[in-house]
Amino acid sequence: MSANDKPSIFAQQVYQVVSRIPRGRVSTYGDIARALGTRSAQAVGQALRCNPYAPEVPCHRVVARDGKIGGFFGEKEGDRIAEKIALLRAEGVVIESGNIDMTLFRHTW
DNA sequence: GTTGTGACGGGTC
DNA sequence: CGACCCGCCACAA
């Protein structure tokens, strides 16, 4: 864990891609991993977990493949998730019971 | 070099 | 639907 690690090369690539997600859209960990040439969505999640860049890297626009919100600030389930949802809604993303309609908001490169 | 882990994903039961 | 398992890859110990 450790939330004060230095960004590894891979992590920086993740930040780069995530920051390219247009407003009002979302992407998945798996797709981001693919965009980087890997298959590990977990590796992407690890990079975002210690996300030292707040606005540049809108981690709230990154969700699980099934449309469910992954985590936020290292919390898998908690009140912080609600904040993430509120942010997405503010961008125009519709969320139902913590689930996003991927067929409409999933962004791909 | 080896082991365990994880903000995941897909398949099976 | 949920529970379970396996594969995946980067990273820390």
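Chain naming here is simple, since letters A, B, ... match the order of the sequence lines and numbering starts at 1 in each.
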Checklist entry - Hey, what do you get for CD1 (A/Ile32) to CD1 (A/Ile21), rounding to the nearest 0.5 Å? => result 5.0 Å
Checklist entry - Does one hydrophobic cluster hold both A/Leu48 and A/Val63, with members joined at side-chain heavy-atom distances below 4.5 Å? => result no
Next on the checklist: Please report the distance, rounded to the nearest Å, between CE in A/Met102 and C1' in B/dC8.
Outcome noted: 13 Å
Checklist entry - Of all the nucleotides listed (B/dC8, B/dA7, C/dA10), which has the minimum atom distance to the side chain of A/Lys84? => result B/dA7
Checklist entry - Over how many whole Å does the gap from A/Gln46 atom CD to B/dG4 atom C1' extend? => result 11 Å
Checklist entry - Taking only side-chain nitrogens and oxygens of A/Arg65, does any of them come within less than 4.0 Å of OP1 or OP2 of B/dG10? => result yes
Checklist entry - So which nucleotide from B/dA7, B/dG6, C/dC11 ends up closest to the side chain of A/Ser8? => result C/dC11
Checklist entry - Can you tell me how far C1' of C/dA12 sits from CZ of A/Arg49, to the nearest Å? => result 10 Å
Checklist entry - In whole angstrom, what separates A/Asp66's CG from B/dC8's P? => result 9 Å
Checklist entry - Looking across every strand, which nucleic acid part, if any, lies under 4.0 Å from A/Lys68 by heavy atom: base, sugar-phosphate, or nothing? => result nothing
Next on the checklist: Return whichever of A/Thr28 or A/Ser40 has its heavy-atom-nearest nucleotide of DNA chain B closer to the 5' end.
Outcome noted: A/Ser40
Checklist entry - Base, sugar-phosphate, or nothing for A/Phe10, non-hydrogen atoms under 4.0 angstrom? => result sugar-phosphate
